[in-house]
Number of protein chains: 2
Amino acid sequence: MKPVVLRSFCDKGPAVDFFVARKEYVKSGKIATVRIRRLESMTKIRNMEEFAAVSGLSRPTVSKYFHDPDSVRATTRARIEEALERFDYRPNIYAVNQNRKLTKNIGIVVPYLADPFFAEIARYLEQSCIAAGYRPSLFSSHGEHKLENEILDSLRSLKPAGVLLAPLGRASDRSAIEKFCENVPTVLFDSNLEGLGAAFIGSDNFSFVSQTVEYMTRTGEPPSFFEMRTPANPNANKRRKAYIEVMERLGFEPHVVKIDGEGWAFEEIGRKGAAKVLGRRELKTNSVLCSNDRLAIGFLSACYEMGIRVGRREDCALRVASNDNHPFSRFTCPSLTTAAHDYDNVAGRSVETLFELIENGGKLGNRTETLFPARLVLRESA
Amino acid sequence: MKPVVLRSFCDKGPAVDFFVARKEYVKSGKIATVRIRRLESMTKIRNMEEFAAVSGLSRPTVSKYFHDPDSVRATTRARIEEALERFDYRPNIYAVNQNRKLTKNIGIVVPYLADPFFAEIARYLEQSCIAAGYRPSLFSSHGEHKLENEILDSLRSLKPAGVLLAPLGRASDRSAIEKFCENVPTVLFDSNLEGLGAAFIGSDNFSFVSQTVEYMTRTGEPPSFFEMRTPANPNANKRRKAYIEVMERLGFEPHVVKIDGEGWAFEEIGRKGAAKVLGRRELKTNSVLCSNDRLAIGFLSACYEMGIRVGRREDCALRVASNDNHPFSRFTCPSLTTAAHDYDNVAGRSVETLFELIENGGKLGNRTETLFPARLVLRESA
DNA sequence: ATAAAAACTTTACGCGCGTCAAATTTTTCC
DNA sequence: GGAAAAATTTGACGCGCGTAAAGTTTTTAT
């Protein structure tokens with residue numbers, strides 16, 4: 001038997017003054033065991049070097065294990081996992097990512113996280129990424145293009161394998177996003193910026209509006225369209241256009257009601273706008289299609305306050321429908337008839353496309369735009 | 001004049017075959033300028049070394065600048081900032097953090113980001129951190145303690161200067177959080193775990209309930225208390241206890257109505273529970289205090305569907321109040337009377353405390369628990 | 001049992017940056 | 001103008017890890 005080779009591996013810190021047997025640990029029992037116990041009780045593992053030492057392996061082997069546990073021998077793997085239980089060491093993710101050419105990071109950026117719609121879709125995206133073995137990082141632009149740009153800068157440092165980006169839209173700094181997309185595999189979702197990113201996945205705004213308009217005209221008066229004068233999101237413009245187009249196709253005169261307001265407090269904007277419009281009797285129809293659910297929530301709130309009965313029943317004065325199927329639209333009074341995003345498909349296809357993009361080394365063929373149709377959700381309000 | 005010293009600084013990549021004059025750039029015009037232009041048009045700055053070269057400075061000086069722009073001479077600073085405009089280089093944040101002993105990272109962890117309450121408070125916290133020159137990273141546990149633990153592990157790698165943690169509460173893995181707090185300066189908020197973290201900042205649940213109960217008894221019948229049977233959040237228990245205590249102190253018999261339901265879909269749980277309770281006429285009072293606003297939103301929705309008029313007016317059958325001042329409570333029908341969190345103070349004090357903790361090297365005196373009182377928001381529902 | 005294959009160890013370098021001490025330059029001040 | 005002070009440069013090391021080549025050990029196949 002060879003002599004017991006004791007090898008120093010800590011050259012500073014609390015573990016400065018003792019040693020640990022490495023491969024000899026297996027063969028030459030006692031001494032090494034004692035030393036290791038002593039280590040075990042005294043210090044925490046600070047890096048992979050130390051962890052490799054206590055598991056009696058070399059650092060490259062341990063590194064290999066963390067990259068892919070099946071890439072090492074079964075006995076080796078067992079040894080590492082045993083040590084893992086005793087020491088609960090984890091590689092420093094950021095150091096790992098700095099060195100790996102392909103990281104498992106994925107950036108998710110949404111324009112406004114306090115909006116439950118984005119919160120919900122972000123949750124779905126995060127979980128899909130985790131399920132696929134990636135590490136998502138979530139960012140919210142909070143409605144500010146300056147912050148959006150800073151997030152993109154942070155993301156560069158993260159060296160993400162890919163990014164799922166729902167841009168602010170009109171407020172976005174197009175050239176900044178363009179540059180970013182040149183360097184990082186990016187899939188846009190929810191809000192399209194023409195030509196940017198490897199692909200866009202979103203909802204078909206035309207499908208939203210055509211379904212709600214057709215439903216409302218079929219079952220009653222054709223609706224007016226209720227929206228913000230200066231919408232933050234480009235989807236809003238598409239919805240207005242779709243409304244006008246569908247109305248004209250059906251032979252009705254479109255009525256677009258534009259209300260004032262800036263920012264992301266859509267409910268309050270909708271409430272005030274509705275109060276104004278209803279108070280002045282500017283509404284020419286007894287049915288209203290809101291550009292999005294958050295405006296509709298405010299609209300319904302105003303109606304309630306003014307004692308206007310909303311719903312599809314005969315004793316109601318007004319019907320209100322909307323678009324998005326916001327998580328709370330089920331709980332408005334009355335519950336909101338709305339065109340639902342195909343959340344699952346938008347989110348699912350977004351991550352699928354991104355994974356495909358990543359596997360192809362960051363390049364896909366032509367830039368594709370995938371639009372999922374809406375699903376009409378009939379509730380009480382229209 | 002000295003000869004022009006041409007110095008190589010790129011030893012690989014697209015810039016492999018040319019040179020850039022460094023300090024001689026200033027003195028000896030043409031040649032150097034040409035070289036730099038050539039570089040400028042051909043390559044992107046990949047690291048601080050290259051950036052230092054094109055700005056004609058040494059890397060340590062540039063590093064110093066990024067740490068504190070005022071720590072270098074004004075002329076030096078101007079030179080760097082000039083180069084910055086031409087090349088838009090930024091240090092890799094994660095590499096920076098790996099090496100700095102004190103990073104500017106702050107971790108923010110909330111239990112469930114799809115809850116607008118947390119989304120709102122997270123937004124406030126993020127912006128406070130940014131304003132103070134820190135870099136916040138936001139994480140959501142999505143209601144799962146497993147995910148909460150993984151987030152804490154990720155945070156260790158981030159080497160954060162401090163962490164703002166709103167734990168899941170009862171579902172949290174106490175020992176994991178305890179270990180984490182030993183290593184990382186952590187301030188708990190919203191949901192307290194006794195003894196953990198350097199401080200706790202939250203709302204005074206007693207103050208919520210006492211105000212709503214007193215208001216309701218003063219202006220009508222004393223309320224029943226409506227809550228989930230197995231609440232996820234420890235605040236719920238405190239609220240129930242406070243309700244019972246206040247009711248008894250005022251000489252009324254407490255009525256606690258417990259409804260079934262698991263998870264974080266509080267609105268739906270509240271709606272179903274309310275429908276059941278109201279349908280069976282199990283409610284012994286004509287006024288109800290909901291444990292939180294999300295339950296109340298569901299409750300009001302059920303009332304509307306059942307044709308029960310809610311409000312404080314005489315023609316109403318039921319009064320409903322609640323706690324939290326959820327961002328949407330303004331828009332329920334009727335608008336919700338509720339006890340408001342002191343958002344600004346809770347968030348503000350949380351970050352203040354954390355900054356203080358960070359400045360003190362991670363140690364404060366005794367662990368403090370700061371509770372901000374609620375503010376009663378009178379609206380239409382009670 | 002023996003050779004080939006597989007797994008592991010050693011050694012060494014790189015990532016992008018912080019940081020420190022010593023040497024050099026520039027600035028400031030009298 | 002000269003010396004002291006301030007700023008910068010150089011050179012070197014460290015962070016925690018990935019990765020590659022070459023050599024050694026273990027496993028598998030024959």
Side-chain angles (χ1 to χ4, degrees), chain A residues 2 5 7 9-13 22-27 44-53 55-80 89-105 156-159, chain B residues 2 5 7 9-13 22-24 26-27 44-53 55-80 89-104 156-159:
Chain A
K2 288 185 191 172
V5 177
R7 173 182 282 268
F9 73 94
C10 294
D11 53 3
K12 64 168 198 186
R22 294 185 65 164
K23 64 173 26 168
E24 291 67 23
Y25 166 58
V26 178
K27 293 181 186 168
K44 280 170 210 158
I45 303 302
R46 318 181 86 86
N47 53 38
M48 196 179 280
E49 187 77 46
E50 291 188 11
F51 180 74
S55 35
L57 295 165
S58 72
R59 189 175 66 75
T61 303
V62 171
S63 171
K64 215 175 161 205
Y65 165 84
F66 280 109
H67 186 70
D68 174 11
D70 287 320
S71 67
V72 301
R73 214 182 294 156
T75 56
T76 307
R77 178 173 174 173
R79 247 159 105 184
I80 293 178
Y89 159 80
R90 297 192 113 191
N92 182 309
I93 323 171
Y94 298 92
V96 169
N97 289 333
Q98 187 167 30
N99 299 316
R100 240 205 279 270
K101 38 258 320 231
L102 271 63
T103 75
K104 285 287 189 177
N105 291 333
R156 279 183 229 268
S157 306
L158 237 192
K159 290 192 187 168
Chain B
K2 287 185 192 172
V5 177
R7 173 182 282 268
F9 73 96
C10 293
D11 53 1
K12 64 168 196 183
R22 294 185 65 162
K23 64 177 18 172
E24 290 69 21
V26 178
K27 293 179 183 167
K44 283 169 208 158
I45 303 302
R46 320 182 85 86
N47 53 37
M48 195 179 279
E49 187 77 46
E50 291 188 11
F51 180 74
S55 36
L57 296 165
S58 72
R59 189 177 64 76
T61 303
V62 172
S63 171
K64 213 174 163 203
Y65 165 84
F66 279 109
H67 185 69
D68 174 11
D70 287 319
S71 67
V72 300
R73 212 182 296 154
T75 56
T76 307
R77 177 172 176 173
R79 248 160 104 185
I80 292 178
Y89 159 80
R90 297 193 109 190
N92 181 309
I93 324 171
Y94 298 92
V96 170
N97 289 333
Q98 186 167 31
N99 299 316
R100 241 206 279 268
K101 39 259 317 233
L102 270 63
T103 75
K104 286 285 189 179
R156 279 184 229 267
S157 307
L158 236 192
K159 290 192 186 169

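In the text below, chain A, chain B and the rest are named by the order of the sequence lines, each starting its count at 1. These figures come from a predicted structure and were not determined experimentally.
Applying the side chain to side chain contact (heavy atoms under 4.5 Å, CB included) rule to A/Thr61 yields the partners A/Ser58, A/Val72, A/Thr76; only residues at least two apart in sequence or on another chain are considered. Remark: A/Phe66 pairs with A/Tyr89 by the ring pair (Phe, Tyr, Trp, His ring centres under 6.0 Å) rule, at least two apart or across chains.
Taking atom CG of B/Asn92 as the reference point, atom C1' of C/dG14 lies 14 Å away to the nearest angstrom. Straight-line distance from the CZ atom of B/Phe51 to the P atom of C/dG16: 16 Å, rounded to whole Å. Distance A/Asn97 CG to C/dG14 C1': 16 Å, rounded to the nearest Å. A straight line from CZ of A/Arg77 to P of D/dT26 spans 22 Å, rounded to a whole angstrom. For the pair A/Lys64 NZ and C/dA6 P, the interatomic distance rounds to 12 Å; values are reported in whole Å. One interatomic measurement links the two molecules: CZ of A/Arg90 to C1' of D/dC17, which rounds to 16 Å at whole-angstrom precision. The distance between atom CD1 of B/Ile93 and atom P of D/dC15, rounded to the nearest whole Å, is 23 Å. The CG atom of A/Asn99 sits 7 Å away from the P atom of D/dG18 (whole-angstrom rounding).
Of all heavy-atom pairs between A/Tyr65 and A/Ile80, the closest is CB-CD1, 3.4 Å.
Here the nucleotide nearest the side chain of A/Arg73, chosen from D/dT27, C/dG16, C/dT9, is D/dT27. Of the candidates C/dG16, D/dA20, D/dT8, D/dA20 carries the atom nearest the A/Pro60 side chain, counting heavy atoms from C-beta on. When the nucleotides C/dG18, C/dC15, D/dC17 are ranked by their closest atom to the side chain of B/Val96, C/dG18 comes out on top. Listed nucleotides: D/dT8, C/dC17, C/dC15. Nearest to the side chain of A/Lys159: C/dC15. In this structure, of D/dT9, C/dG16, C/dG18, it is D/dT9 that holds the atom nearest to the side chain of B/Thr61.
Here the CD-OG distance, from A/Gln98 to A/Ser157, works out to 10.0 Å after rounding to the nearest 0.5 Å.
Phosphate contact (OP1/OP2 of C/dA7, side-chain N/O of A/Ser71, threshold under 4.0 Å): absent. In this model, the phosphate group of C/dG18 is approached by a side-chain N or O of B/Ser63 to a distance below 4.0 Å at OP1 or OP2. OP1 and OP2 of C/dT10 both lie 4.0 Å or more from every side-chain N or O belonging to A/Ser58. At D/dG18, none of the side-chain N or O atoms of A/Tyr65 fall inside 4.0 Å of OP1 or OP2 (strictly under the cut-off). The side chain of B/Tyr94 places no N or O atom within less than 4.0 Å of a non-bridging phosphate oxygen (OP1 or OP2) of C/dG18.
The shortest distance between side-chain heavy atoms of B/Ile93 and A/Arg156 does not fall below 4.5 Å.
Residue B/Phe66 is classed as having no contact, given no heavy-atom separation below 4.0 Å to the nucleic acid. At a threshold of 4.0 angstrom between heavy atoms, the contacts of B/Ser157 with the nucleic acid are absent.
In terms of position along DNA chain D, the nucleotide closest to B/Ala74 lies nearer the 5' end than the nucleotide closest to the other residue of the pair B/Ala74 and B/Ala95. Nearest-nucleotide mapping onto DNA chain C: of B/Gln98 and B/His67, the residue sitting toward the 5' end is B/Gln98.
Put simply, the side chain of B/Arg59 and the base of C/dG16 share no donor and acceptor less than 3.5 Å apart.
Judged purely by atom type and a 3.5 angstrom limit, A/Ser55 uses its side chain to pair as donor or acceptor with the backbone of A/Phe51.
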